[in-house]
There are 2 protein chains.
Amino acid sequence: MNYKFFQLPMEKQQRIINAAYKVFSKNSYKKAPMSEIADVGGVSKALLFHYFTNKLELYMFLWNSSIAQIHKASSEYRVTDTTDFFEMIHCSLLAKCSVIRSYPYLYQFAVKAYYEQEPKIKSSIQESFYAVNKSSENILWEMVDVSKFRQDIDIRLIYQELLWTSDGYLRQIILCLKNRFLILKNNLKCFVGMLQHTENHVHM
Amino acid sequence: MNYKFFQLPMEKQQRIINAAYKVFSKNSYKKAPMSEIADVGGVSKALLFHYFTNKLELYMFLWNSSIAQIHKASSEYRVTDTTDFFEMIHCSLLAKCSVIRSYPYLYQFAVKAYYEQEPKIKSSIQESFYAVNKSSENILWEMVDVSKFRQDIDIRLIYQELLWTSDGYLRQIILCLKNRFLILKNNLKCFVGMLQHTENHVHM
DNA sequence: GCCTGGATTAACCGAAACGGTCAACAGGAG
DNA sequence: CTCCTGTTGACCGTTTCGGTTAATCCAGGC
């Protein structure tokens, strides 16, 4: 990797990175063409190969960047500074939104990368993703004060349900934005209402 | 299209169709190779071109089949025979499961097809999908007896939440099946519990 | 055994796409 | 003018792809 990449204007760096996230998130590694990444990013293919020695290196760079970004956002939004289940979820949602604002395709890329079958990639990725995911979930259940909840509630099921719902809700919002539909300024308002509604029912 | 395709043994027809659903659901139209469909289906590429005149025809055949399958399952499971919101959702979930059992990649294909950008496909698909989706939702809200619900509940929001949750839950189950983890025999049991739990809270 | 006809395929073709390279170009600094 | 840095169009060898064709396989009838 050519480290002069980091001396580029920030805007250009992000444009290239986001183009790569986008193309890699829509195609498998093998079928994601470098030429398309260059086109989407508004630079020439030759320049891409000037900064990244080859396709694999670009891919692994993106992978490491995505993990770093997620970590950074989690600490910036102080996700682990509370013992309250719903406050923690709220913080991590805000963190996720901030990542998406800068890198709209980062999460889609990360999911796709996790399932990537290309042998050159598979081994190095799956273990690190699993590690990140497990550790963050472990932290969650270590920190959270479970004594607040009703006994007849399976809090892990609620957690899953909220994850799935927030995921669907975010996808819906992004879709609306893409089609340039009008939506509320505070994107999370509606979902936060849902969160509080759930909260009222599962607390003692 | 060569109608002798339908005289093939049912098992072979389904094998080919499912192979095509799978490959088209994992790649965009342009990047889904006919050769891969043939390989996955366990037949030669030449045979594929013997039954379907070209790639586009196979794709449109799959699209029409998928709509037909969804309709068929909806009527078989009598989705519109009730006015109860939760019973209707329950029925349509059972219908969806039955479709997935026969055609595991049908829904993923349908979603991908809806967003397909290839001009040859885009026009003919989006309108029909939109029509199907709108009409089925209209039927839902026409049939459902909304008087049962608490006034402070936005039932459409609940509907969305349940859709997203059931979607996530199904994905999770399919993932477990793929990795051959042990799961309960009655896949829906857990989610149905969730459904009833929601029901208790939103009814008057 | 041989013939026939439909199902199935290996081998092939021309065109396009792909990863990667390289010589050349633009333009600002000295 | 020269140098230097960032940038690119054009190119190359290889692979992939949609689609075709001639040949093969095989069951059933004689």
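First the proteins, then the strands, lettered A, B, ... as listed; each starts at 1. Only a predicted model underlies this, so the values are computations on that prediction, with no experimental measurement involved.
- Side chain of B:Lys55 to backbone of B:Ala32: a donor-acceptor contact under 3.5 angstrom is found.
- Remark: of the listed residues B:Tyr107, B:Tyr105, B:Phe109, B:Phe109 is the sole one forming a ring pair (Phe, Tyr, Trp, His ring centres under 6.0 Å) with B:Tyr21.
- A heavy-atom distance below 4.5 Å is not found between the side chains of A:Lys122 and A:Tyr29.
- Paired with A:Leu106 under the rule side-chain contact (heavy atoms from CB on, under 4.5 Å), one option of A:Val111, A:Ile70, A:Ile17, A:Ile67 passes, and it is A:Ile70.
- When DNA chain C is scanned in the 5' to 3' direction for atoms under 4.0 Å from non-hydrogen atoms of chain B, the outermost contacting nucleotides are C:dA7 to C:dC18.
- Every salt bridge (Lys or Arg N to Asp or Glu O under 4.0 Å) that B:Lys31 has, sequence neighbours left out, goes to A:Glu36.
- Between A:Trp164 and B:Tyr169, the ring planes are perpendicular. Angles over 60° get that label, and only those under 30° would be called parallel.
- Listed by residue number, the members of residues 37-61 of chain A with any heavy atom below 4.0 angstrom from DNA chain C are A:Lys45, A:Ala46, A:Phe49, A:Asn54, A:Lys55.
- No cation-pi contact links A:Lys112 to A:Phe24, judged by a cut-off of 6.0 Å to the six-membered ring centre and 45° from its axis.
- A search for salt bridge (Lys or Arg N to Asp or Glu O under 4.0 Å) contacts involving B:Lys26 returns nothing, not counting sequence neighbours.
- Side-chain atoms of B:Trp63 and B:Ser124 include no donor-acceptor pair closer than 3.5 Å.
- Put simply, the side chain of A:Asn18 gets close to the backbone of A:Ser102: a donor and an acceptor are under 3.5 Å apart.
- If you check residues 24-33 of chain A against DNA chain C, the residues with a heavy atom closer than 4.0 Å are A:Ala32, A:Pro33, listed by number.
- Reading DNA chain D from its 5' end, the first and the last nucleotide to sit under 4.0 Å from a heavy atom of chain A are D:dG6 to D:dC17.
- With A:Glu116 contributing its side chain and A:Glu118 its backbone, the two residues share a donor-acceptor pair below 3.5 Å.
- Aromatic ring orientation, A:Phe149 versus A:Phe85: perpendicular (interplanar angle above 60°, classes split at 30° and 60°).
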